[in-house]
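Structure first, then comments.
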Amino acid sequence: MLYIYNRHLNGADREEIASLLENLPANDFKIGAVEYFSRKLKSRDFLKLQDSERDYFQYFWGKRELSVADKPALGALVCLYFG
């Protein structure tokens with residue numbers, strides 16, 4: 001995580017940051033990093049997300065409502081992100 005942040009500070013382009021983030025395992029650090037860099041880079045679609053991550057961010061950014069079918073998958077990510 002610190003490596004990615006330092007690469008950003010040292011001028012890494014958007015594609016490099018996206019590639020580094022995509023290679024992180026799906027956990028709360030990755031969710032936090034994606035959220036941070038989406039704000040920093042002013043883009044919500046700069047990298048490819050796994051389905052559960054994409055579902056979480058669509059809900060988080062208010063693009064869709066949480067359905068009953070989504071609750072188990074999103075619940076795991078929300079617990080990872082918010083503790």
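Excluded from the calculations below are hydrogen atoms, water molecules and symmetry mates; all remaining heavy atoms, backbone and side chain alike, are included.
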Legend entry - Steps toward side chain to side chain contact (heavy atoms under 4.5 Å, CB included) verdict (I31, F57): CA-CA 9 Å; I31 296 296; F57 279 110; 3.9 Å; yes
Inset, instruction - Can you sort out the partners of R14 under side-chain contact (heavy atoms from CB on, under 4.5 Å), two or more places apart, ordered by chain and number? - result: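 Per chain and number, R14 pairs via side-chain contact (heavy atoms from CB on, under 4.5 Å) with L41, S43, F46.
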Legend entry - hydrophobic_cluster_shared for V34 and M1, side chain cutoff 4.5 Å: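 The answer is no; the residues belong to distinct hydrophobic clusters.
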Inset, instruction - Determine yes or no for a side-chain-to-main-chain donor-acceptor pair under 3.5 angstrom, with S19 supplying the side chain and E15 the backbone. - result: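 Not confirmed, S19 side chain does not pair with E15 backbone.
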Inset, instruction - Spell out, as yes or no, whether a donor-acceptor pair under 3.5 Å connects the side chain of R7 to the backbone of A12. - result: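 Looks like no, no N/O pair under 3.5 Å.
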Can you tell me how far the [atom1] atom of [X] sits from the [atom2] atom of [Y], to the nearest 0.5 Å?
X   : Y   : atom1 : atom2 : result
E53 : E22 : CD    : CD    : 9.5 Å
D13 : E16 : CG    : CD    : 6.0 Å
Y5  : F37 : OH    : CZ    : 8.0 Å
L21 : F29 : CG    : CZ    : 14.0 Å

Inset, instruction - Before giving the answer on side chain to side chain contact (heavy atoms under 4.5 Å, CB included), spell out for Q50 and K30 the whole-Å C-alpha distance, their side-chain angles and the decisive distance to 0.1 Å. - result: CA-CA 11 Å; Q50 296 176 20; K30 181 177 182 180; 4.1 Å; yes
Legend entry - Y36 atom OH: more than 12 heavy-atom contacts under 6.0 Å: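 Buried by this count: over 12 neighbours within 6.0 Å.
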Legend entry - Residues I17, L47; criterion side chain to side chain contact (heavy atoms under 4.5 Å, CB included); working and verdict: CA-CA 9 Å; I17 298 298; L47 77 156; over 6 Å; no
Inset, instruction - Would you name the heavy atoms of S38 and R44 that are closest together and state the gap between them? - result: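 That closest heavy-atom pairing would be CB-CA, 4.3 Å.
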